Amino acid sequence: MDAQTYSDRRTSLRSAVPEGAILILGNTLLPKNYVDNHFPLRQDSHFLYYVGVNQPDLALLILPDGSETLYGNQPTLDDFVWCGVLPSMEEHGRDAGVSATCPLSDLRDHVSALAKGGTEIRFLPPYSAHRQLWLANLLDQPVNAVADGASAALVQAVVDQRSLKTSDEIAQIEEALGVTAQMYRSALAAAKPGATELEIVSALRMPATQLGRDLAFQPIVSVRGEILHNTGYSNRLAEGDLLLIDSGAESMMQYASDITRTFPVSATYSDTQREIYTVVLNAQKAAIEAVSPEMTNREVHMVGVRTLADGLKDVGLMKGDVDEAVAAGAHALFMPHGIGHMMGLDVHDMEDLGDVVGYPEGEERSKQFGLGFLRLAKRLEPGFVITIEPGVYFNPALVDRWQEDGLHRDFIAYDKLEAYTGFGGIRIEDDVLVTENGHRVLGPGIPKEVAEIEGMAG
């Protein structure tokens, strides 16, 4: 993306928030255990969207008249010795379409002068202690008071703008998905009885590493797929296990991808595994088919879980009236999460900004177990990129608690669940673009049909 793209984005933002000065902070290098040994930089996604410069210790200030200044430090001779030749601040400014640059040390005085002159400083909520401290210093405010001063108008404007992906952004996501497809082929080739989860993680990462890509998030690779965010990698694969992998690469411009597949370690699914896998796959297909601008994502979620509950009744794990069971939340024993989330520069796009990303004004999250974890409920719009990821999980601790409490006995066949102890979990996830007329599943296609997966494994 060129400098004009970033300039146009900032112009649109300034038009949506015409009053006050807009302050957008980049990220800095954070030490692991001493100053010179730091975590790899992942630039702030809002800064990437509006500035596009992937270097630490930068900030952008947009004044009410539309003038812009990029703040940062010129590379020093020491930097050239340790890091090689680095771009100058003027070069960063040209890349971002910003003509004025200043040393980072000037930012505090400039912000202070604006505030003293009656100009409101508009900023986004800080999501880390470092950013909170930086803002407190810039604004001369107590650290614990900074977050309360975040601009609701700026948050809403950013959400409205970043939610709608352009064709260039879609291309970045699909580029990331192309890498992710290679990752899954590599992981499946390594997923044999006797291998460790850590070995699968290594195989999964290899194609991304060879292409110089980071992963969009810490991968979930587990034969204990009933634990939704299991990232321990301590188990060894055995005959009859299911291996759940939830992962994705970033594009060169750090747009995310997010795919989940559940593979049979024994190369073929058992009859029981195939039965439950088909229930999940049918729910995913039904939910994807429902995606369109005529639907809210809450409605898409309900299509998915209604299909899931119907399938679970067919296999004897649920009973009674399916609509009543779903309305009561009985299906959440098997799927205690929402159908998916927004995706873009963040794998859970903009969730640092709160529920304004996923919920319309005046609508709060449900208090019902399961439905309360739905991250996106608002009406879908062309340009949204969302994930569709239903699952079925047999979590013994959750089953025992619900059974002890006598929950939903009219809808759950508890007497059948003992046979599924140790089954694990199945989740299937794809990334979907909302279009004017419906939807499009993004990426090159990563096998998810039973015959395709068993063919690859074989």
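As a basis for the values below, the full set of heavy atoms in this structure was taken, side chains included, without hydrogen atoms, waters or symmetry mates. The structure presented is a predicted model; accordingly, all values stated were derived computationally and were not measured.
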* Is there side-chain contact between Phe384 and Pro293, with heavy atoms separated by less than 4.5 Å? -> no
* Verify ring-ring contact (aromatic ring centres under 6.0 Å, His included) between His331 and Phe369, making sure each step is shown before the conclusion. => CA-CA 10 Å; His331 64 280; Phe369 179 79; 9.6 Å; no
* Structure fact -> Interatomic distance, NE2@His439 vs CG@Asp430, rounded to 0.5 Å, equals 10.5 Å
* **No-hydrogen, no-angle side-chain donor-acceptor test under 3.5 Å, Tyr255 and Glu169** => yes
* **Pairs touching residues 370-391 that satisfy salt bridge (Lys or Arg N to Asp or Glu O under 4.0 Å), sequence neighbours left out** => Glu351-Arg375, Glu389-Arg427
* Asked: Between the main-chain N or O of Ala100 and the side-chain N or O of Thr69, is there a donor-acceptor pair closer than 3.5 Å?
  -> no
* What pairs meet the salt bridge (Lys or Arg N to Asp or Glu O under 4.0 Å) rule with one or both residues in residues 277-299, with sequence neighbours excluded? -> Lys285-Glu449, Arg298-Glu363
* **Rounded distance [0.5 Å steps], CH2 in Trp82 versus CG in Leu77** => 12.5 Å
* Asked: Going from OG1 on Thr260 to CD1 on Ile426, what distance comes out if it is rounded to the nearest 0.5 angstrom?
  -> 12.5 Å
* Asked: For residues 110-119, which residue pairs qualify under side-chain hydrogen bond (donor to acceptor under 3.5 Å, both in side chains), counting only residues two or more places apart or in two chains?
  -> Tyr71-His110
* Which class fits the ring pair Phe334 and Phe394: parallel under 30°, tilted 30 to 60°, perpendicular over 60°? -> perpendicular
* Determine, for Tyr49 and Arg9, whether the Lys NZ or Arg CZ falls below 6.0 Å from the six-membered ring centre while staying within 45 degrees of the axis. => yes
* Asked: Just checking, any donor-acceptor pair under 3.5 angstrom between side chains of Gln43 and Gln55?
  -> no
* Quick one: are Met1 and Tyr6 in side-chain contact, heavy atoms under 4.5 Å? -> yes
* Pro31 to Phe39 - nearest heavy-atom pair and separation -> O-CE1, 3.6 Å
Donor-acceptor contacts, no H, no angles, side chain residues 120-128, under 3.5 Å, sequence neighbours left out:
from	atom 1	to	atom 2	distance (Å)
Glu120	OE1	Arg122	NH2	3.4
Arg122	NE	Glu19	O	2.7
Arg122	NH1	Ser151	OG	2.9
Tyr127	OH	Asn27	OD1	3.4
Tyr127	OH	Asn27	ND2	3.3
Tyr127	OH	Asp44	OD1	2.7
Ser128	OG	Arg131	N	3.2

* To do: Kindly say whether Ala176 contributes a backbone atom to a donor-acceptor pair with the side chain of Thr180 at under 3.5 angstrom?
  => yes
* Asked: Under 3.5 Å, is there a donor-acceptor pair between the side chain of Asp346 and the main chain of Met350?
  -> yes
* Asked: Hey, mind stepping through His46 and Leu353 against side-chain contact (heavy atoms from CB on, under 4.5 Å) and telling me if it holds?
  -> CA-CA 11 Å; His46 304 299; Leu353 302 180; 3.7 Å; yes
* What are the two closest heavy atoms between Gln161 and Ser12, and how far apart are they? -> NE2-CB, 3.7 Å
* To do: Look only at the side chain of His301 and the backbone of Ile339, and say whether a donor-acceptor pair between them is shorter than 3.5 Å.
  => yes
* **Backbone N/O of Ala256 and side chain of Glu250: donor-acceptor pair under 3.5 Å** => no
* Work out which heavy atom in Ala153 is nearest to a heavy atom in Val17; give both atom names and the distance. => O-CG2, 3.8 Å
* Asked: Taking it one step at a time, do His348 and Met342 satisfy side-chain contact (heavy atoms from CB on, under 4.5 Å)?
  -> CA-CA 6 Å; His348 289 183; Met342 296 275 264; over 6 Å; no
* Does a donor on one side chain and an acceptor on the other come within less than 3.5 Å for Asp160 and Gln156? -> yes
* Could you pull out the closest heavy-atom pair between Val434 and Ser292, with the gap in Å? => CG1-C, 4.2 Å
* To do: For Asp310 and Thr307, indicate whether the former's side chain and the latter's backbone hold a donor-acceptor pair under 3.5 Å.
  => no
* Asked: Any sub-3.5 Å donor-acceptor pair from Gln141's side-chain atoms to Ala136's backbone N or O?
  -> no
* **Test item: Val385 and Ile170 side chains (from C-beta on) under 4.5 Å apart, heavy atoms** => yes
* Asked: Taking side chain as C-beta onward, heavy atoms only, is Thr76 less than 4.5 Å from Asp79?
  -> yes
* Is Ile220 close to Ile245 at the side-chain level, that is, under 4.5 Å between some pair of heavy atoms? -> no
* Kindly give the heavy-atom pair with the smallest separation between Ser247 and Leu204, and that separation in Å. => OG-CD2, 3.5 Å
* **Side chain Asn297, main chain Leu376, donor-acceptor under 3.5 Å** => yes
* Asked: Under 3.5 Å, side chain of Glu197 to main-chain N/O of Val223, donor-acceptor pair present?
  -> yes
* To do: State the OG1-CE distance between Thr296 and Met302, to the nearest 0.5 angstrom.
  => 10.0 Å
* Asked: Any side-chain heavy-atom pair from Thr28 and Leu58 closer than 4.5 angstrom?
  -> no
* Less than 4.0 Å between a side-chain N and a carboxylate O, is that true for Glu452 and Arg261? -> no
* Donor on one side chain, acceptor on other, Asp8 and Thr5, under 3.5 Å -> no
* With side chains defined as the heavy atoms from C-beta onward, is the minimum distance between Ser186 and Arg205 less than 4.5 Å? -> no
* Under the salt bridge (Lys or Arg N to Asp or Glu O under 4.0 Å) rule, what pairs show up with a residue in residues 51-68, not counting sequence neighbours? -> Arg10-Glu68
* What distance do Leu281 atom CG and Ile453 atom CD1 have between them, rounded to the nearest 0.5 Å? -> 8.5 Å
* Asked: Thr231 and Gln218: which non-hydrogen atoms are nearest, and at how many Å?
  -> CG2-CG, 4.0 Å
* Begin from the C-alpha positions of Met335 and Val280 and carry the test side-chain contact (heavy atoms from CB on, under 4.5 Å) through to its verdict. => CA-CA 10 Å; Met335 182 180 155; Val280 177; over 6 Å; no
* Separation between OG1 of Thr262 and CD of Glu429, rounded to the nearest 0.5 Å -> 10.5 Å
* Going by atom types only, do Gln254 and Asp214 share a side-chain donor-acceptor pair under 3.5 Å? -> no
* **Verdict with supporting geometry, Lys165 and Gln172, side-chain contact (heavy atoms from CB on, under 4.5 Å)** => CA-CA 10 Å; Lys165 307 301 186 289; Gln172 286 292 312; over 6 Å; no
* Assess the pair His229 and Phe217: is the distance between their ring centroids shorter than 6.0 Å? => no
* Asked: Any side-chain heavy atom of Leu29 sitting closer than 4.5 Å to one from Leu41?
  -> yes
* Salt-bridge criterion met for Arg213 and Glu175 (N-O under 4.0 Å) -> yes
* **Inter- and intrachain pairs under salt bridge (Lys or Arg N to Asp or Glu O under 4.0 Å), touching residues 132-159, at least two apart** => Arg108-Asp140
* To do: Could you tell me whether the side chains of His341 and Asp258 share a donor-acceptor contact shorter than 3.5 Å?
  => yes
* Pair Arg162 + Asp349, salt bridge at N-O below 4.0 Å -> yes
